[in-house]
Amino acid sequence: MNNLNDKVAYITGGSKGIGYGIAKALLDAGMKVAITSRRSDAAKEAARSLSKDQSKVLALESDVSSMASEIKSVKSVIDHFRQLDVVVANAGVGHLLHIDQLTEKIWKETIGTNLTGVFNTVKASIDALKKTKGYIITMASLAGVNFFENGAAYNASKFGLVGFTQAIMLDLRKYGIKVTTIMPGSVASHFNNNVPAAADAWKIQPEDIGQLVLDLLNMNPRTLPSKIEIRPSMPVK
């Protein structure tokens, strides 16, 4: 990964928030990027705003909770760019509800997107990443180690994601594939129906996580930060 120019990244949930910030950072570093959204128009709009050179960006519609959808998307990336070097499993949902209000539908959506969705993305991309000795980065959360009230579904999904990522890190390193999970605290994103605004200036910004992903890709290959906690340095009082 020492030379990122023309390397190819696949970023789920890349039309806004953290995924968008990562896509922008990788494009600015000379990479080619494929981004997904559950809505084709959202993915295409984000792609247009990410780069004037549209040959560097591929917009895809995909629902990570569907294995078939992820297999189709990864195939589209390979067909379009001819390779795959980096996968950022970022797509996620956030519902914070008391167990009394937590419905079966919301539980299944949360686990299906945040945990099963990452499994689907990883499984769909492993063969391509073996060929390039690539990198998998999953977007977990500090909620994957710290439980809190109203977090039953979200905590369960992120605790599971941390465990899943660390296990596949051990499985895949024998193939030269590096695996890292990033665990952010408060981010200026659309999590839990938030609309990023000036009041979010104290939070981690999406471009900060984009910089962190670049740092990981540029690290000496003998070293692997397998689990990274990141939080605002000056939280609002």
Side-chain angles (χ1 to χ4, degrees), residues 1 4 6-27 31-51 53-94 108-140 157 161 164-165 168 172 175 177-182 189-190 206 209-210 213 217:
M1 293 293 171
L4 297 180
D6 288 332
K7 298 285 188 183
V8 177
Y10 174 60
I11 304 171
T12 63
S15 66
K16 61 184 179 180
I18 291 173
Y20 185 94
I22 294 171
K24 186 69 169 66
L26 299 190
L27 283 165
M31 294 182 67
K32 299 173 182 177
V33 171
I35 59 170
T36 74
S37 171
R38 284 180 291 185
R39 291 175 30 235
S40 178
D41 59 330
K44 290 177 180 177
E45 181 181 351
R48 285 191 294 268
S49 67
L50 277 167
S51 177
D53 184 355
Q54 288 295 286
S55 68
K56 299 279 190 180
V57 190
L58 178 63
L60 298 168
E61 178 181 343
S62 185
D63 180 350
V64 297
S65 67
S66 163
M67 176 67 84
S69 186
E70 281 301 279
I71 289 173
K72 180 181 177 181
S73 285
V74 171
K75 184 179 184 302
S76 295
V77 176
I78 302 299
D79 290 345
H80 188 80
F81 289 128
R82 314 310 303 174
Q83 68 188 71
L84 179 59
D85 302 282
V86 178
V87 169
V88 182
N90 166 75
V93 294
K108 287 183 175 179
E109 180 189 5
T110 304
I111 301 298
T113 302
N114 295 357
L115 184 53
T116 305
V118 176
F119 167 79
N120 293 339
T121 301
V122 168
K123 287 290 286 185
S125 60
I126 283 177
D127 287 345
L129 292 173
K130 285 180 179 178
K131 294 176 182 178
T132 58
K133 297 188 185 301
Y135 209 131
I136 296 170
I137 296 170
T138 69
M139 202 56 56
S157 70
L161 177 53
F164 171 78
T165 306
I168 67 167
L172 296 176
Y175 302 113
I177 299 174
K178 299 175 77 174
V179 181
T180 298
T181 189
I182 297 175
S189 69
H190 296 81
I209 298 183
V213 170
L217 299 181

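All residue numbers refer to positions in the sequence shown, counting from 1. Keep in mind the model is a prediction, meaning the values are calculated, not measured. Just so it is clear, the values below take in all heavy atoms, side chains as well, and ignore hydrogens, waters and symmetry mates.
A donor-acceptor pair under 3.5 Å is formed between the side chain of Asn120 and the backbone N or O of Val64. Judged by distance alone, the side chain of Asp85 and the main-chain N or O of Ala9 form no donor-acceptor pair under 3.5 Å. With Ser157 contributing its side chain and Thr110 its backbone, the two residues share no donor-acceptor pair below 3.5 Å. In this structure a side-chain-to-backbone donor-acceptor pair under 3.5 Å is missing from Ser40 to Glu61. The closest donor-acceptor contact from the side chain of Thr116 to the backbone of Ser65 lies at 3.5 Å or more, if one exists at all.
Summarising the local packing, CD of Glu45 is surrounded by 12 or fewer heavy atoms from other residues, nucleotides or ligands at distances under 6.0 Å. Heavy-atom contacts from other residues, nucleotides or ligands closer than 6.0 Å to NZ of Lys123 number 12 or fewer.
Once rounded to the nearest 0.5 Å, the distance linking CE of Met139 with CD1 of Ile182 reads 4.0 Å. To the nearest 0.5 Å, atoms CZ (Phe119) and OG1 (Thr121) are separated by 10.5 Å. Rounding to the nearest 0.5 Å gives a distance of 4.0 Å between CD1 of Ile209 and CD1 of Ile18. A distance of 12.5 Å separates OG of Ser66 from CZ of Arg38, quoted to the nearest 0.5 Å. For the atom pair CD1 (Ile136) and CD1 (Ile126), the distance works out to 6.0 Å, reported to the nearest 0.5 Å.
Heavy-atom minimum distance, Ile78 versus Ala128: CD1-CB, 3.8 Å. Scanning all heavy atoms of the two residues, the minimum distance from Phe81 to Ser55 falls at CE2-O, 3.5 Å. Among all heavy-atom pairs drawn from Asp79 and Arg82, the shortest one is O-NH1, 3.1 Å. Contact detail for Ser125 and Leu84: the closest heavy-atom pair is CB-CD2, 3.8 Å. Of all non-hydrogen atoms in Leu60 and Ala43, the two that sit nearest each other are O-CB, 3.5 Å. Of all heavy-atom pairs spanning Gly13 and Ala91, the tightest one is N-CB, 3.8 Å.
Put simply, the residue from Ile35, Thr36, Val88, Val86 that forms a side-chain contact (heavy atoms from CB on, under 4.5 Å) with Tyr10 is Thr36.
Proximity of Thr165 to Val179: side-chain heavy atoms (C-beta onward) are separated by under 4.5 Å at one or more points. Residues Leu26 and Leu217 meet the side-chain proximity criterion, which asks for heavy atoms closer than 4.5 Å. A heavy-atom distance below 4.5 Å is not found between the side chains of Val8 and Thr132. At least one side-chain heavy atom of Ile11 sits under 4.5 Å from a side-chain heavy atom of Val33. Side-chain contact between Asn114 and Leu161: absent, with no pair of heavy atoms (C-beta onward) separated by less than 4.5 Å.
If you check the side chains of Ser62 and Glu70, you find a donor sitting under 3.5 Å from an acceptor.
Every residue meeting the side-chain hydrogen bond (donor to acceptor under 3.5 Å, both in side chains) condition with Thr181, not counting sequence neighbours, appears here in chain and number order: Thr138. Every residue two or more places apart in sequence or in another chain was checked for a side-chain hydrogen bond (donor to acceptor under 3.5 Å, both in side chains) with Ser51, and none qualifies.
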Intermediate values then yes/no, side chain to side chain contact (heavy atoms under 4.5 Å, CB included), Lys131 and Asp127
CA-CA 7 Å; Lys131 294 176 182 178; Asp127 287 345; 5.6 Å; no
Verdict with reasoning, Lys56 to Leu27, per side chain to side chain contact (heavy atoms under 4.5 Å, CB included)
CA-CA 8 Å; Lys56 299 279 190 180; Leu27 283 165; 3.9 Å; yes
